[in-house]
Amino acid sequence: MSDTYIPLSVPNLKGKELDYVTEAVKTEWVSTGGPYIKDFENEIADYVHVPAAAACQSGTAGLHLAMLALGISAGEEVIVPTLTFIAAVNPVRYAGAEPVFMDCDDSLTMDPDKLAAFCREECDYKDGVLTNKTSGRRIRAVVVVHIFGNMADMERIMEVAGQYHLKVVEDATEALGTCYLAGEYAGRYAGTIGDVGVYSFNGNKIITTGGGGMIVSRDRDLVERCRFLSTQAKKDVVYFVHEEIGYNYRMTNLQAALGLAQMEQLEGFIRTKTENYEEYQRLGLNLLPFRDGIRSNHWFYSFLSKDRDGLIKHLDACRIQSRPVWQLIHTLKPYQNAQAYKIEKALWYYGRIVNLPCSSNLTKEDVTRVAEKVLQFEKTCG
Ligand SMILES: *Cc1c(COP(=O)(O)O)cnc(C)c1O
């Protein structure tokens, strides 16, 4: 008998999902109207302690709306990480702006020292406007990604952003539930520290709505603006008056039904993921740590392998799914001509990281089997 297949990160739908979705179908509220959408927005807003949230079709759509709501436009630039999923960067181009790629530090999130050095040495700052000396374009914002559920160094990044008048977009798509426990931002959740934050409920994220996203901000007007743009910028709901270009990005009641059921389980998912992370460590796997002074949601586990591709192949043969970290965005075809600033650590980590199974429905036996297979392989090489 062959071993069961262990996937990397899959949905866990053992709560009230079916009840709520059934209710949505029975009441025939399946589209972008219906009570669950507002309830889900309120649930997330309460959970991360912000006054308002806007539900949308995906994290990507949320990031696009965030760019538009901040007024980022053609001919401007936005600083982004190179070590991330491409959906953190594409919305910059959707808005007609250009990315400038930044390196990570050992937390895998944006290096605040390099960010500061870039602004200081590669740009001119005058009258509240930061201009890139290489391109001559204005730099308007920075997109910070809380990679794998870790928290970026928001204390330092907010300081640099404040110094140079940059807007801060938090791509918290992987980090719902991650929060500061200590320091200047104690009690604050990933996504609620910058000007605007976005969560994703794609199938592989810590909670899922099949596909979906949520925009949060401490600025209620900004959230309103995103919601307005997500519903075709409809000024008058009777006469259908539109004074600008909007989008069809609103979440459906069916997705929100799933989301509400998932929110009831979020803290349990985080507990399980944290326990499984600790169990891997206990069994002898050296996983990358999360930042001190935070409560991480432990979304993804990063193992540094001596032979990345060999390990992935070995695990695959053992019916265990694993993955290298994303190909660095500044090396991808659409972005090869964009500016990249002293990318070093991202390359180093790119060559070594293997993400190991981390689903919230992973059993202790699964964890043991994965750890054994990884250790077995690592012992045989180098
Ligand atoms: C998942 C993810 C997104 C996009 O979210 P979708 O809901 O899949 O559109 C954006 N950025 C990062 C870093 C992600 O992991």
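The figures here come from the full heavy-atom set of this structure, side chains too, leaving out hydrogens, waters and symmetry mates. Quick note: residue numbers are just sequence positions, from 1. None of the values given here were measured: they were computed from a predicted structure. Just follow the structure's listing: the first ligand is 1, and inside any ligand the first atom is 1.
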Taking the ring of [Y] and the ring of [X], is the distance between their centroids below 6.0 Å?
X	Y	value
F300	Y277	no
Y249	H64	yes
F303	Y280	no
F101	Y335	yes

Tell me whether the NZ or CZ atom of R295 lies within the 45° cone about the ring axis of F290 and under 6.0 Å from its centre. no
Please determine if K205 forms a cation-pi arrangement with Y199, meaning its NZ or CZ atom is less than 6.0 Å from the six-membered ring centre and no more than 45° off the ring axis. no
Is there any N or O on [X] that sits under 3.5 Å from an N or O of ligand 1?
X	result
F201	no
W326	no
T84	no
W299	no

Around [atom], find the nearest protein heavy atom and jot down its residue, atom name and distance.
atom	answer
atom 9 (O) of ligand 1	T60 OG1, 2.5 Å
atom 1 (C) of ligand 1	K205 NZ, 1.7 Å
atom 11 (N) of ligand 1	D171 OD2, 2.7 Å
atom 5 (O) of ligand 1	S200 OG, 3.3 Å

For ligand 1, note which part of V145 has a heavy atom under 4.0 Å away: side chain, backbone, both or neither. side chain
Quick one: sort the H242 and F240 rings into parallel, tilted or perpendicular, breaks at 30° and 60°. perpendicular
Can you label the angle between the Y20 ring and the Y36 ring as parallel, tilted or perpendicular, going by 30° and 60°? tilted
Quick one: which ligand 1 atoms are inside 4.0 Å of a heavy atom on [X]?
X	result
A87	3 (C), 4 (C), 10 (C)
E174	12 (C), 13 (C), 14 (C), 15 (O)
G212	7 (O)
T173	2 (C), 3 (C), 10 (C), 11 (N), 12 (C), 13 (C), 14 (C), 15 (O)

What I want to check is whether the side chains of E43 and Y47 have a donor and an acceptor closer together than 3.5 Å. no
